[in-house]
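Here is the structure we will look at.
Throughout, protein chains are lettered first and strands after them, A, B, ... in sequence-line order, and every chain is numbered starting at 1.
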Amino acid sequence: MMNEVNLLTVTAAVFAIMMSGSGQSRTNLLLYAMQTFFIALACLAQAEAKGSPELYTVVIGIIVIKVLTVPYFLSWLANKIEARSDPGAFLPIPLTMHVSILLFALSHFLALGLPLFKGIGSVASDATGAISLLLTGMLFMLTRRFALGQIIGFLTLENGIFLFAVTQTKGMPFIIEMGILLDVLVAVMIGGLFVFRIQKSFEHIDVTQLNGLKE
Amino acid sequence: MNFVTPLFLAAFMLLLASAVLAIVTRKKFSLVCVALTALACVFLISGALQIGRSDSLWKLSGPFYLGVAPLSFRFDALSAVFSALLGLIALCAALFSHAYLKHLSGRINQKYYWCSLNLFVLGMLGVFLAANAITFLVSWEIMSLSSAALVVWNFSESKGQKAALIYLGATRLATAFLSAGFLWFHHAFDSWDFAKWHFNQADLLVPSMMVALGLFIKSGIWPFHIWLPYAHPSAPSSVSALMSGVMVKVAVYALLRFFLIDGSGSIYLAWVCIALGAISSFWGVLFAFVQSDIKKLLAYSTVENLGMIFLAAGICLYAQVAQLKEIAALAFVAVIFHSINHGLFKSLLFFCAGAIDSAVHSRKLDSLGGLINKMPATTGSFLIGSTAASALPPLNGFVGKWLIYQSLFMLAASETERAMNVLAMILIGLLSFVGGLALAVFAKMFAVVFLGRPRSPAAENASECSKLMNAIPAALAVLCLVCGCFAGPLITYFCRMHPLYSAVSLPSLPIGQIAFLFLAFAIFFYLAFLRKNGERIRYFSTWDCGYGSLLPKMQVNSQSFAHSVGTIFGHLLQYVTHFEIGGHDRRHFPERIKAETVMISLLESRIYGPALALVRLLNRHFSKLQAGSIHLYLLYVFLVLVAMIVIEVLA
Amino acid sequence: MISIIEPKDEMELLPALKQWLQNDEHRLGLITSLDGKQLVTLLLDLASRQAKCWITEFAGDSYRSFTSSVPQAHWFERALFDMYGLLPKGHPRLKPALLNEAYSGIFAPLRSLAEHDEGKSYERDLSYMDVGGEGVYEVPVGPVHAGIIEPGHFRLSCMGERILNLEIRLGFLHRGVEKRLTEVPLTKTRFIAEAVASDTAAANAIASAQAIESLAGLVVPEKAVCLRALALEIERLSMHVCDLGGMAADLGCGAISAAFSRLRGSVFRLGELLSGSRFLRAYILPGGVARDADRYLAEFARTLKPLRKELNVVIDSFISDAMVLERLDGVGVLSPAFAKEFGLVGVAGRASAVSYDVRKVFQNKILPEPRIRFESAGDALSRTKIRVFEIGTSLDLIEQLLASLPSGPIAVAAPELLVPDSIAVGIVEAFRGELIHMISTDNKGRIKRYAVKDPSLNNWTGLAIAVRNNFLADFPVCNKSFGLSYSGHDL
Amino acid sequence: MILTSANLVFIVTLTIMPFLLIGVIKKIKACFQNRVGPPVFQSLYNLVKLFNKDEILSKDCSWIFRSGPLISFSGMLLLCLSVPWLPLQPPVPGCDIFLFVYVLALIRFFSIISSIDAGSPFSSFAASREATLSFLAEPAFVLALVALGISAHSSDLALIFGQPIENNRIPLSVWFFSGLALFLSGIVELSRMPIDDPSTHLELTMVHEAMVIENSGPNLALVEWSYALKLLLFFGLIAQCFVYSLSKIIALPPLLLPLSVLVVMLALGCLTAMIESFSVKLSWGKNPDFIAYAVSMSLLSSLAAFAMNGGS
């Protein structure tokens with residue numbers, strides 16, 4: 001049955017699903033922030049359960065960097081380049097949401113089939129949220145036309161990996177987790193710069209147009 | 001005293017007599033034919049009603065031996081239900097034709113029509129009663145060929161030619177698959193008797209799939225539905241009613257007889273039925289929505305309803321395998337009940353379409369409108385038919401759909417494979433979507449045909465057709481209502497037909513009470529609020545924003561009603577609107593604008609078209625082999641001989 | 001300003017006009033006639049700030065239509081046909097612009113009675129384009145609308161939810177304004193002039209005053225010039241706030257719409273303090289303004305300050321709402337090419353890259369110059385953005401004018417008679433765009449012909465083009481984003 | 001129908017609550033617009049007024065036109081008496097999910113055809129819009145109810161809703177997601193913002209209002225009354241979803257249950273009013289996207305229903 005961590009991860013995954021159904025950059029970012037916030041909460045619950053104090057620092061790091069800084073920076077960026085909404089590529093955006101629900105169900109079955117790390121007291125169904133986040137992130141990247149969407153998708157994917165690591169292992173070394181956080185920050189900044197560059201040189205940030213650059 | 005066999009025999013004879021009479025006599029035969037056919041139908045119905053639960057077998061031997069097996073017929077509850085339906089619809093069709101053919105007079109050869117019609121009914125009756133494969137196939141062929149003859153009645157038109165060719169192709173294909181399957185079964189069981197065959201054996205998957213495929217093609221289920229929208233508009237309305245109301249049910253009957261009634265089931269066939277049923281219900285209703293020809297629309301709606309019936313059949317098969325007795329019984333009842341329902345309301349709608357056609361001489365929705373004041377009786381029947389087809393309570397269509405929903409719901413809640421639970425849930429979602437669309441389809445059709453202002457002079461000057469043509473749809477409408485409100489006993493009766501589920505108690509719906517309460521409310525509020533205002537009603541023109549009278553063009557028409565749906569599902573429907581803007585300075589001041597919406601059937605353009613092209617290409621190459629030289633043929637024979645010897649030696 | 005009059009031969013008129021319009025600094029102001037015997041083509045030179053009138057005399061009552069080469073001319077020609085019965089030969093869509101079914105075929109309001117007595121009748125084509133194809137249906141909207149707005153008939157031909165064609169029929173309000181303006185004494189002219197369109201009272205009064213002043217050779221005192229500019233900006237502010245509120249109401253944001261209505265009340269208060277009338281009526285007169293506002297300026301400044309702050313809050317919450325942006329983006333696009341060819345003016349013009357603003361060109365040098373911004377997307381969003389921007393500009397201008405208000409008299413006496421045989425124009429940037437009043441005098445110095453060109457006249461066609469291929473449900477949004485005037489059009 | 005205390009409560013609230021809900025929504029909207037707004041029971045007074053008015057009928061219309069409001073009112077009343085929109089046993093038993101959905105469909109069918117009957121351009125394209133929107137939203141509505149039904153192992157609405165708390169086996173997440181899905185599809189069904197603006201004056205953008213544009217007098221009164229009943233029905237079901245999911249966290253005394261449902265219904269009214277004051281009506285092309293959210297919520301609800309059903 002549900003425990004707290006499970007509930008929180010699933011909530012995060014639901015936010016990711018809702019995110020995949022919106023084409024508006026600001027809604028996406030808001031939902032991303034919510035999703036990450038619930039991941040932070042899940043992390044906190046995990047810290048409570050396992051009694052590992054360094055996880056608290058990680059939680060604060062997540063909240064500061066991924067819940068506040070990154071969405072704020074990206075929404076500033078979106079405003080700057082007037083990338084209000086994404087028309088979507090390959091799949092209509094509402095359908096993306098339904099597909100990601102399907103992926104959610106799939107990850108539920110997948111999680112049930114995972115070998116259990118019984119020794120460390122993790123529960124297989126915790127992985128549902130993590131796997132679903134990962135898949136949703138990838139789907140999100142696939143179905144967005146603009147570079148901003150790719151960044152958000154990438155961040156969601158990264159959230160999924162992080163959540164998987166937190167819930168399914170005893171916990172990575174503290175320094176690595178903090179390092180990952182910083183990496184994410186740097187990646188987003190660089191990604192933002194790229195978005196600017198693309199915008200500048202092509203007057204729009206439609207990545208499907210980049211295909212045309214091939215010889 | 002059992003009158004069953006004589007009654008059926010009499011029906012057979014009368015039909016045959018009527019067919020022969022139509023061809024032979026030269027004078028006013030129409031009335032006699034009608035009388036004979038009608039009498040046959042009456043015998044048929046009364047025979048079917050007498051069958052009850054006792055099975056009986058009746059063999060024709062001697063001269064009717066046909067070389068391999070005698071023509072043998074079996075009377076049991078299942079065949080009784082379907083032959084009763086056949087009798088009823090055929091009776092209606094015969095009476096209706098009598099009046100309706102005047103509309104087509106000059107364009108149709110009446111002799112030919114009556115002969116084919118009688119043979120058609122005869123063939124269907126044979127299929128419903130057949131006790132062995134030979135009888136089945138012979139009747140099946142009579143049915144297919146005579147119906148094809150009825151479809152081609154206006155062979156002179158290119159549309160009719162195309163319809164006939166497609167229909168003939170489909171029936172040939174269906175017969176081919178059926179015969180192949182039956183041969184295989186004969187090989188396996190060494191008998192032609194259906195009673196000795198077991199269709200659901202695991203090692204006989206291939207032939208049972210072949211048989212099923214033949215039935216799918218005949219029933220016009222996705223992706224074999226393409227003959228329906230061609231054949232129905234082309235055939236006279238009374239024939240369409242018979243084809244859509246009964247003939248496609250022949251496949252359902254065969255499915256029930258072969259695969260469902262023995263209580264076992266093949267899981268693969270279940271999957272195929274569920275998949276094709278689900279797709280065709282969605283596909284059919286979606287295409288129905290964007291049609292603007294009444295009969296084409298009704299044809300697509302048939303695809304939808306057949307899809308639902310096959311979906312229920314698939315669930316029944318699955319539940320039988322999974323030993324879910326209650327669900328299997330529900331789905332079984334749903335299959336029969338919805339077949340009957342669909343037979344009733346669809347033939348009703350086709351009869352009404354015929355009445356409209358004969359009054360306005362057009363089947364185009366966008367040239368009709370405002371017929372409610374001109375054809376009040378037809379309007380009433382059509383309204384009931386439409387509400388039944390949209391599965392609205394308290395009509396029979398709702399009960400059928402409710403049974404399907406209920407079986408899906410129980411499947412979703414049952415303790416079976418998780419994937420099946422999820423699938424059942426998704427199917428409920430899909431069916432509700434289909435239901436919503438069906439409602440939109442029939443609301444659109446009813447409103448565009450009967451309400452508002454007439455869209456063409458012909459519709460303006462239409463008048464009600466003859467009493468007979470009104471009475472038949474009206475009678476069917478009453479039956480629709482009765483089957484809906486008093487569904488409980490029928491459901492129990494149908495459930496008892498299955499040998500294994502006769503003891504299962506099914507959930508029931510107080511539909512009669514609800515309908516009664518509803519009616520009481522409606523009458524009460526009418527009396528309370530609306531009637532006393534009778535003298536306080538003033539009549540004025542529809543709100544025109546003060547500009548002046550509204551033109552017929554200023555009301556939504558069929559295509560515009562469906563346009564949003566067309567754009568939402570544009571990819572499936574291949575829905576494209578072309579614009580043609582003309583004028584001296586078309587950029588600034590266009591003088592003419594024309595918008596044309598076209599749809600290309602995805603299946604026809606992407607699958608059947610290329611497949612046919614491939615066949616033609618191969619034909620062209622293979623025809624070189626057939627040079628007409630005797631030496632060449634001898635060479636072939638020789639080569640085959642050598643090849644066989646080689647194979648024998650190697651083996 | 002007094003315009004230069006040049007006679008032009010009928011044959012060379014069209015080539016000359018085409019050549020004139022090749023230059024980006026040149027505009028076509030107005031095509032009309034004085035008494036039905038000639039064409040008067042008013043041309044504006046934005047570089048040298050001059051107006052020029054080409055007068056083409058012709059015999060008979062038909063001439064070769066310009067419309068096929070100069071699309072902007074089509075509405076002028078339709079109006080000419082209605083008013084004088086002058087037939088433009090080869091006009092692609094000669095339908096009534098100012099009259100409707102109620103007027104008999106003989107009636108042409110501006111023709112002399114003698115000509116009417118000849119009993120010449122005109123066939124008016126009152127049909128609508130019948131868009132062909134199966135599934136096309138028509139939605140007639142108006143002239144009586146659900147809201148309290150003026151009459152106009154829109155005939156929308158639709159395919160499902162898509163608009164294929166829009167035909168606009170106006171002229172339900174024909175009041176004979178132009179005729180009446182030639183009949184009343186000069187002292188009463190201003191009252192009729194400002195009633196041409198009552199939401200544009202100040203701009204109409206200023207344009208009328210400017211034309212009369214040029215004909216009378218008056219020099220308006222500096223203070224009066226500034227006070228007039230103040231009135232004009234207040235009117236602009238009030239109407240832009242009103243239009244934004246209307247847009248918010250059409251989008252369904254009831255609360256924001258209500259806030260805009262309330263703020264419009266404050267702007268009215270400014271107008272009342274300045275002129276004594278909330279709608280700026282009876283304030284501007286030839287020679288100056290009617291009332292000195294010195295006593296109320298302190299109160300004026302007190303009202304203005306919080307207004308700016310509150311307006312910013314409401315506008316921000318409206319225009320930065322992602323849903324609003326999304327809703328307006330790409331709706332009712334009018335491409336810059338069309339805007340140029342149909343000579344669009346004002347907000348709608350500037351949203352489609354027509355940067356023309358009368359204040360930049362023709363206004364008095366002593367007035368502060370406004371900031372001008374233009375967009376090139378041409379959709380409802382750009383029109384809304386321009387409107388928001390102009391609210392800011394108007395507030396800036398009001399503050400600047402208030403800070404540097406010169407002292408001195410507010411009016412000079414107006415003469416009884418005007419310069420004979422000349423044509424003068426008053427051009428003002430009303431809140432909808434370029435507004436022209438043209439007065440021509442006879443040999444005794446009386447007004448012979450008074451022509452008004454409302455900004456809406458240029459823009460109605462723009463609306464008809466912009467809604468093509470849009471959703472039917474988006475028509476009100478398109479219409480509101482153009483914000484055109486019915487009464488200004490139906491003179 | 002036996003007159004028990006539960007039935008009495010049911011019928012009393014049925015007569016008052018619909019008008020109260022509409023009144024509260026209007027009042028709060030007025031508040032946001034700096035207006036005093038109409039009295040809370042203005043819609044009731046309007047009804048009385050309309051019943052006393054003359055009726056104007058179009059010359060083009062037939063008996064279908066007047067049957068639409070009649071059927072829609074009778075059907076709504078029937079549903080309000082047989083669907084447990086209050087957590088009490090309804091006076092008329094035996095309404096199951098599918099019957100509920102299809103009686104609503106019956107009402108929709110007749111309102112669509114009756115709006116086309118007069119041949120008005122406005123009401124006929126509104127009918128097309130209504131048909132399109134409602135079939136898109138139908139799966140969300142049905143699946144949300146079916147998810148609840150699967151958790152409750154019954155398709156009888158009286159066994160899903162209207163149960164005392166201790167009998168309630170449906171898990172929190174199913175209640176919650178179904179509540180969301182019902183709310184979102186309720187917005188579509190009730191033609192509220194952001195799908196349809198009930199207070200607009202623009203015929204071209206309306207759905208429900210344009211459909212009934214030709215109705216007047218008692219006929220219009222029936223339309224408005226049945227709309228009020230529909231509002232009550234939907235809000236009652238949605239409120240119960242939220243109250244039950246709340247009751248999984250906080251223990252509610254059983255007697256307070258109906259009361260708290262009524263309070264939540266009013267709160268939903270407030271929420272609707274807020275949305276209607278600040279949100280923007282969606283473009284016609286964006287409506288399917290909105291409905292997709294409703295469908296997603298119902299899918300999540302069904303997923304939750306299966307996930308939680310696994311243990312049993």
Check for me whether the distance between the ring centres of D:Phe100 and D:Phe141 falls short of 6.0 Å. yes

What part of B:Phe450 is in contact with chain D, defined as an atom under 4.5 angstrom from a non-hydrogen atom: side chain, backbone, both or neither? neither

Where does D:Val146 contact chain B at under 4.5 Å (heavy atoms): side chain, backbone, both or neither? both

Portion of B:Ile568 that has a non-hydrogen atom of chain D nearer than 4.5 angstrom: side chain

Which atoms of D:Ser216 are under 4.5 Å from chain B, going by heavy atoms: the side chain, the backbone, both sets, or neither? neither

If you count heavy-atom pairs under 4.5 Å between each of B:Tyr539, B:Phe409, B:Trp543 and chain D, which one has the most? B:Phe409

Among D:Phe98, D:Phe125, D:Trp284, which has the most heavy-atom pairs under 4.5 Å with chain B? D:Phe98

Specify whether B:Phe569 and D:Phe135 have parallel, tilted or perpendicular ring planes, treating 30° as the upper limit for parallel and 60° as the lower limit for perpendicular. parallel

What heavy-atom pair brings D:Ser58 and B:Ser541 nearest, and what distance separates the two atoms? OG-C, 4.3 Å

Knowing that exactly one of B:Leu330, B:Asn341, B:Leu506 qualifies, which makes a side-chain contact (heavy atoms from CB on, under 4.5 Å) with B:Leu403? B:Leu330

Pair count under 4.5 Å, heavy atoms only, with chain D: among B:Ser432, B:Ser390, B:Gly436, highest is B:Ser432

With a 4.5 angstrom heavy-atom cut-off, is it the side chain or the backbone of D:Leu222 that approaches chain B, or both, or neither? side chain

B:Leu437 versus chain D, heavy atoms under 4.5 Å apart: side chain, backbone, both or neither? both

Most chain B-contacting option - heavy-atom pairs closer than 4.5 Å, from D:Pro69, D:Ser155, D:Ser82, D:Ala127: D:Ser155

Using only atom types and a distance under 3.5 Å, with no angle test, would you say the side chain of B:Ser301 pairs donor to acceptor with the backbone of B:Leu297? no

Interface moiety of D:Ile71 toward chain B, non-hydrogen atoms closer than 4.5 Å: both

Which atoms of B:Pro393 are under 4.5 Å from chain D, going by heavy atoms: the side chain, the backbone, both sets, or neither? both

Are B:Leu411 and B:Leu427 side-chain neighbours, meaning at least one heavy-atom pair lies under 4.5 Å? no

D:Ser134 versus chain B, the contacting section by heavy-atom distance below 4.5 Å: neither

Considering only heavy atoms, which portion of D:Ala137 lies under 4.5 Å from any heavy atom of chain B: side chain, backbone, both, or neither? neither

Distance-only polar pair, side chains of D:Ser226 and D:Ser72, donor-acceptor under 3.5 Å: yes

Tell me, side chain or backbone of D:Glu130 under 4.5 Å from chain B's heavy atoms, or both, or neither? neither

When B:Cys480, B:Cys485, B:Ser386 are each screened for side-chain contact (heavy atoms from CB on, under 4.5 Å) with B:Leu395, the one that passes is B:Cys480

Leading residue by heavy atom contact count with chain B [cutoff under 4.5 Å; candidates D:Trp63, D:Phe110, D:Phe109, D:Phe122]: D:Phe109

Given that the side chain runs from C-beta out, which part of B:Phe561 has a heavy atom under 4.5 Å from chain D: side chain, backbone, both or neither? both

So does D:Lys230 pair up with D:Glu189, basic N to acidic O under 4.0 Å? yes

Answer key: most heavy-atom pairs under 4.5 Å with chain B among D:Leu299, D:Asp96, D:Ile97, D:Thr132 is D:Asp96

Among B:Phe398, B:Trp402, B:Tyr405, which has the most heavy-atom pairs under 4.5 Å with chain D? B:Tyr405

Salt-bridge test for D:Glu55 and D:Arg66: reply yes if a basic N is under 4.0 Å from a carboxylate O, no otherwise. yes

Atom group of B:Ile514 that falls short of 4.5 Å from chain D, counting heavy atoms: both

Can you tell me if D:Ser62 and D:Asp117 form a side-chain donor-acceptor pair at under 3.5 Å? yes

Counting only heavy atoms not in D:Lys286 (residues, nucleotides, ligands), do more than 12 fall under 6.0 Å from its NZ? no

Which bit of B:Thr567 comes within less than 4.5 Å of chain D, counting heavy atoms only: side chain, backbone, both or neither? neither

So which part of D:Phe65 gets closer than 4.5 Å to some heavy atom of chain B, the side chain, the backbone, both or neither? neither

Please verify the inter-ring angle class for B:Phe525 with D:Phe73; under 30° counts as parallel, over 60° as perpendicular, anything in between as tilted. perpendicular

Can D:Ser178 and D:Ser301 be counted as having a side-chain donor-acceptor contact under 3.5 angstrom? yes

Among D:Ile64, D:Asn219, D:Val101, D:Val103, the residue with the most heavy-atom pairs under 4.5 Å to chain B is D:Ile64

Out of D:Ala105, D:Ser128, D:Pro121, return the one with the most heavy atom pairs under 4.5 angstrom to chain B. D:Ser128

Go through the atoms of B:Val434 and report whether side chain, backbone, both or neither lie under 4.5 Å from a heavy atom of chain D. neither

Which atoms of B:Lys444 come close to chain D, meaning under 4.5 Å heavy atom to heavy atom: side chain ones, backbone ones, both, or neither? neither

Is there side-chain contact between B:Ile491 and B:Val399, with at least one heavy-atom pair below 4.5 Å? yes

Assert top hit (heavy-atom pairs under 4.5 Å, partner chain D, pool B:Met410, B:Lys401, B:Arg453) equals B:Arg453

In terms of heavy-atom pairs under 4.5 Å, which option from B:Ile372, B:Val556, B:Thr542 contacts chain D the most? B:Thr542

Just by distance, no angles: are the side chains of B:Glu464 and B:Thr378 close enough, under 3.5 Å, to form a donor-acceptor pair? yes

